[in-house]
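What follows is a single structure, written as structure tokens, with notes after it.
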Amino acid sequence: MQYLLFLIKGSLEDFRRNKGRTILTSLGILIGVSSVVLLMSFGLGLKKYIENQFESLGTNLVRIVPGRILSGGGFRSGPGAFGGIRFDEKDVASLKRIKEAEYIIPVFTKTITASSGKNSNIADLYASSADIFLGINLKTKYGAAFTKDDVEKRSKVAVVGPKIAAKLYDQEVKALDKIIKVQDQSFRIIGVLEAKGGGFGGPDLDSFVYLPYKTAFSLNPDKKFMVIIAKARTKVDLEVFRNDIKKQLLKRYKEDDFSVIQQAELLSAISSIFSIINTVLVAIAAISLLVGGIGIMNIMYVTVTERIKEIGIRRAIGATRKDILFQFLAEAVFLSLIGGLLGLTVSFLIVLLVQRVFPAYINLQTVAIALGVSSLIGIIFGVFPAKKAADLSPIEAIRYE
Amino acid sequence: MIKLSNVFKEYKLDGEIFAAVKNINLSINKGEFIAILGPSGSGKSTLMHLIGLLDNPTRGTICVEGKDVSKLSDSQLSLLRNEFVGFVFQQFNLINKLTVLENILLPTIYSKQKFSASPEERAFSLMERFGIKEKATSYPNKLSGGQQQRVAITRALINNPKVILADEPTGNLDTKTGDKILTLLTELNREDKITVILVTHEADVAVRAKRKIQIRDGEIVKS
Ligand SMILES: Nc1ncnc2c1ncn2[C@@H]1O[C@H](COP(=O)(O)OP(=O)(O)OP(=O)(O)O)[C@@H](O)[C@H]1O
Ligand SMILES: [Mg+2]
């Protein structure tokens, strides 16, 4: 312990004496560590973002939309984009007969003007069944969601997203039990949802006004739906589920009239591509760590040469080969660790800034990797100079001028 | 205590073998005060480094307390240098970036010996004895030559060695200061019963020694 303290103290004093050199050498490691850490934190952020999107899409879900599309787009797109047909309650009833189906959720959306009486705002109406809240993981923060009963009885109730609640009623909590006017029809707000985030190109679920779909028939006189969300029972193969849905709908429509899309699958493919790209980028960034390591090796060789006399003196008064080896190895590791710590600090600051626009974050594992890797770099690139120091013959070292 | 038998130290110079030290047979006993005398280049320092286990012979054997040192590992040799011998050099060989106290304590860091007093206590009592206590926190290059040599002697003594090896300890000092250092070494031999081996090329320095070894061209000519 005393010995370790002595090693640390010795190294730190040498750094103090050679401040400029120490800083320049650790700069290499600093750059390497911060680029690796930043890329890792961006990768983590991306993963988190995609996971959030997953959640807002729900798992085990497929969406049935009119028209023919090849891949998933925003499900908010109006019927015009997809062509002729719109679904109705008959389709919902027929899809409910599929035995793998857990929920069949009809969705009607419309851009509306929502008003609290005092404030009014353009918002999106999202009319659906009570299953929508479970289906796409919407949770209420205040009050409660509407129920099957509300749907059947066409109760004049609404659930609102937190953003629109705050806009119209100043505070989310104040929206509860207030009357919201949608196109001059009044609904009582019975629930305010938890924030979901998202909104990068995807739907901004936090700004929606949710109504029981039967209640909303007053705003949807044709009783048509833009989207039907179908949730499969757990452990059902989604591909099988999709085919069953297609079969069911083909009884009534033509092949090109509708599409059954699976956005979750698409997202998971995107997510794995991004994680591969991220790994490659981290690996490339790791090369700069190697360069930093070579810088350390270089400076350690210089240090050893400068201190041959000191090594000789230490050997003469009883330092073993190992003592000398550890002394210089410790110095290389500290040099590298200083760079690593500074690199982490820089990354923390950058991540803090970036977090305003992107959910990048540094986890404990990243910190551990950064510190572990910088120690390892110190050991790998310090061991050769340290060995050179240890292998000096005591007598030649002490006679060195 | 230390026994050299048929010891050679040879260097290859331009393809020729040059023996800095030849056929040395020497027994050093506990408590002796020995002077090694000889002209410059005669091999005195080489011999001292061999005795102090800083260097190893190319031929012959060196035994310390009955053990053949060529059979010892690096850590065993280092331990002997640390605890058994103490070096005092002509150029002092202090580490200038460490304070006087840190220099003196350096051998204790590499030591596993247990003393009743802490290393700092021992250092201060030795510094007091040699009149350098006030300089504990100074750096060696700020001291006079005599003070530096006393620091070096303190460092040599900190682990209670059995032998002090002093290679021209007065070579860089004026006569008066040199005399004080020699008196100090004599005291250590007489009062502390430490074996002192003093290397010098001046006959008047050697008068303090009970036993004189003359060396010329690497060979003992008179002992
Ligand atoms: N590493 C070496 N390589 C070759 N020759 C050496 C080496 N070390 C010492 N010598 C030679 O060995 C001889 C003895 O050197 P040494 O230093 O022991 O002499 P010395 O008696 O201590 O001299 P001085 O009184 O000047 O200090 C010298 O001729 C020197 O040149
Ligand atoms: Mg000499």
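Atoms considered below: every heavy atom in the structure, side chains included; atoms not considered: hydrogens, waters and symmetry mates. Chain letters run A, B, ... following the sequence lines, proteins first, then strands; residues in each count from 1.
- When B:F89, B:Y110, B:F87 are compared by the number of non-hydrogen pairs under 4.5 Å with chain A, B:Y110 comes out ahead.
- Chosen from A:K309, A:R315, A:E396, the residue pairing most often with chain B at heavy-atom distances under 4.5 Å is A:R315.
- For a residue to count as touching a neighbouring chain, one of its non-hydrogen atoms must lie under 4.5 Å from one of that chain's; by this rule A:R399 touches chain B with the side chain only.
- Salt bridge absent: B:D74 and A:K322 never bring a charged side-chain N and a carboxylate O closer than 4.0 Å.
- The distance from the CG atom of B:N103 to the CD1 atom of A:I317 is 7.5 Å, given to the nearest 0.5 Å.
- Residue B:F84: no heavy atom, backbone or side chain, is found under 4.5 Å from chain A.
- Atom CD1 of A:I313 and atom CZ of B:R155 lie 6.0 Å apart (nearest 0.5 Å).
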TODO: Take B:N96 and A:E310 through the test side-chain contact (heavy atoms from CB on, under 4.5 Å) and record every step on the way to the result.
DONE: CA-CA 9 Å; B:N96 282 326; A:E310 178 194 327; over 6 Å; no
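- For a residue to count as touching a neighbouring chain, one of its non-hydrogen atoms must lie under 4.5 Å from one of that chain's; by this rule B:L94 touches chain A with the backbone only.
- Within the 4.5 angstrom heavy-atom criterion, only side-chain atoms of A:R307, from C-beta onward, approach chain B.
- No more than 12 heavy atoms of other residues, nucleotides or ligands shown are found within 6.0 angstrom of CZ on A:F326.
- In terms of heavy-atom pairs under 4.5 angstrom with chain A, the leader among B:R81, B:Q76, B:H49 is B:R81.
- To the nearest 0.5 Å, atom CG of residue B:L53 and atom CD1 of residue A:I395 are 11.5 Å apart.
- For a residue to count as touching a neighbouring chain, one of its non-hydrogen atoms must lie under 4.5 Å from one of that chain's; by this rule A:E13 touches chain B with the side chain only.
- In this structure, the portion of B:E102 lying under 4.5 Å from any heavy atom of chain A is its side chain and not its backbone.
- Counting non-hydrogen atoms of neighbouring residues, nucleotides and ligands closer than 6.0 angstrom, the CG atom of B:D217 reaches no more than 12 such neighbours.
- Interatomic distance, A:I398 CD1 to B:N93 CG, rounded to the nearest 0.5 Å: 4.5 Å.
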